[in-house]
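Heads up, the thing below is written out as structure tokens.
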2 protein chains.
Amino acid sequence: MPRRLAAPKQVIKRLPVYLRILDDLVRRGIKVVSSRELSAASGFTAEQIRKDLAHFGAFGTRGTGYNTTFLRDKIIQIIGLDRPTNIIVVGAGHLGKALTRYNAINNPYVNIVGVFDTDPGTVGSRIGSLKILHLLKIPEFVKRYCVRVAIITVPAEAAQQVVNQVTGCGVKAILNFAPAQLQVPEDVHIHNADLTTELQSLIYYATPGK
Amino acid sequence: MPRRLAAPKQVIKRLPVYLRILDDLVRRGIKVVSSRELSAASGFTAEQIRKDLAHFGAFGTRGTGYNTTFLRDKIIQIIGLDRPTNIIVVGAGHLGKALTRYNAINNPYVNIVGVFDTDPGTVGSRIGSLKILHLLKIPEFVKRYCVRVAIITVPAEAAQQVVNQVTGCGVKAILNFAPAQLQVPEDVHIHNADLTTELQSLIYYATPGK
DNA sequence: CATTGTGAACGGATTCACAGCC
DNA sequence: GGCTGTGAATCCGTTCACAATG
């Protein structure tokens, strides 16, 4: 029985990587995998992988390794992907549209159920089968579909207001692409994925003087 | 004189945040800022900000704070943004195109100088003023423009091959959007910004059972 | 006297080493 | 014999407390 204790943030960031590797192993018909093999596939150390999993239970067999299907299903449960997760995208510019399409193709566990914008020229058009709605529709929509995760791709100036709006109606986790440091309530998690800062910090490592 | 000692990765990730805040303060004509004010604007603690900056020198004035313009210019130097940085985007799908446009608008310090793809229907078309080139042109291009940073937005199956190609001709830092764990040489930095894993780890925090 | 810069204390995550088990 | 699970040791970044100083 997985104990849902507070696991370190870094552990939580690695679980989806394990999940992807296990998905691939299961697809290839491989039944058992050792922490050493997972290490080779993920780049994390074998000890770290074992410790990570130990936060949630003992899923392996000593002398043998981990049953791939069993471990995959456990990780799905731990992350909370065993129930369908509905998320919304706020901001339907080029980036918002691209992320929506990208996710539909690449993420088997997560459904984008709504895309929102304010631009009258954008509202009403479609991304795949999704119609872009006005931001004013967010509260009603979030409640109807029990949305708890939002992706924000609006301009920096509008981002804080959008955050206030979505956290106000039940969203508990935000993936923020706007180049801004945003304030969120205590119980809301936000992850900044701003391309600008990401690229700038990479440049530090690429500069000739090491 | 900034000592270019090894600074923790986490410090390097915060520098661009400080830079953005300082850019804004300078634009608003504010001459001096304290670590406490930077803390309020960034969400990091004042002590942490002072320690971060101390890795590179003593840039403040005791009793007063930091000169905004001076500190901004120092951070630009430390990151390596004082010389123009040319980067390329490999993969001109929806995401690659969106990131290219996004960066042109939002990142004053970084120029995307080339975009590459293999699809015959895509090669030859344009994103803004940039013509999309075939991947075969990468080596020549990277050398001509001294490119040391690449953004990768190709499908997962093609990502490792692209990494091998670009690291083979001088690229030292990679921002990877493909859902894959990639192998890079010792001296190359890679940062994974895969939407799939990012979203999945957020879902852990959004699940009702905390 | 407010604020920086920093050694010391703290805490948390990773690594090590090995006991436990198939 | 081989691999997992885990307490102990280690490492590293953050926080604390205060000395230094314009």
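Every chain is numbered from 1, with letters handed out A, B, ... down the list of sequences.
- Taking only distance into account, the side chain of B:Lys51 never meets the base of D:dT14 through a donor-acceptor pair shorter than 3.5 Å.
- For C:dT15, the OP1/OP2 oxygens have a side-chain nitrogen or oxygen of A:Thr45 closer than 4.0 Å.
- What separates CZ of A:Phe56 from P of D:dT4 is a distance of 18 Å, to the nearest Å.
- Protein atom CZ of A:Arg50 is 14 Å distant from nucleotide atom P of C:dC18, rounded to whole Å.
- In this structure, B:Gly60 reaches the sugar-phosphate backbone alone: every heavy-atom distance under 4.0 Å involves primed, P, OP1 or OP2 atoms, never a base.
- Across the protein-nucleic acid pair, B:Arg36 atom CZ and D:dT15 atom P stand 15 Å apart, rounded to whole Å.
- In terms of phosphate contacts, B:Tyr66 brings no side-chain nitrogen or oxygen within less than 4.0 Å of OP1 or OP2 of D:dG22.
- No side-chain donor-acceptor contact under 3.5 Å links A:Arg20 and B:Gln200.
- Side-chain polar atoms of A:Asp73 and A:Gln77 form no donor-acceptor pair below 3.5 angstrom.
- Comparing C:dG20, C:dG5, D:dG13 by their closest approach to the side chain of A:Arg62 singles out C:dG20.
- Distances shown here put a side-chain N or O of B:Arg14 below 4.0 Å from the OP1 or OP2 atom of D:dT14.
- Between the P atom of C:dT14 and the CD atom of A:Gln48 lies a distance of 5 Å, rounded to the nearest Å.
- Nucleotide D:dC12 holds its C1' atom 15 Å from the CD1 atom of B:Ile12, rounded to whole Å.
- Between the side chain of A:Lys9 and the base of C:dG12 there is no donor-acceptor pair of N/O atoms closer than 3.5 Å.
- Across every non-hydrogen atom of A:Ser42 and A:Val17, the tightest pair is CB-CG1, 4.2 Å.
- At least one donor-acceptor pair under 3.5 Å links the side chain of A:Asn106 to the backbone N or O of A:Tyr102.
- As a whole-Å value, the separation of A:Glu47 CD from D:dC3 P is 13 Å.
- OP1 or OP2 of D:dT4 lies within a sub-4.0 Å distance of a side-chain N or O belonging to A:Ser35.
- In terms of position along DNA chain C, the nucleotide closest to A:Gln10 lies nearer the 5' end than the nucleotide closest to the other residue of the pair A:Gln10 and A:Gly63.
- Atom CG in B:Asn67 sits roughly 15 Å away from atom C1' in D:dG22 (whole-Å rounding).
- Ring geometry, A:Tyr18 versus A:Phe44: the interplanar angle exceeds 60°, so the pair is classed perpendicular (tilted spans 30 to 60°).
- Going from atom CD1 of A:Ile49 over to atom C1' of C:dT14 covers 13 Å, rounded to whole Å.
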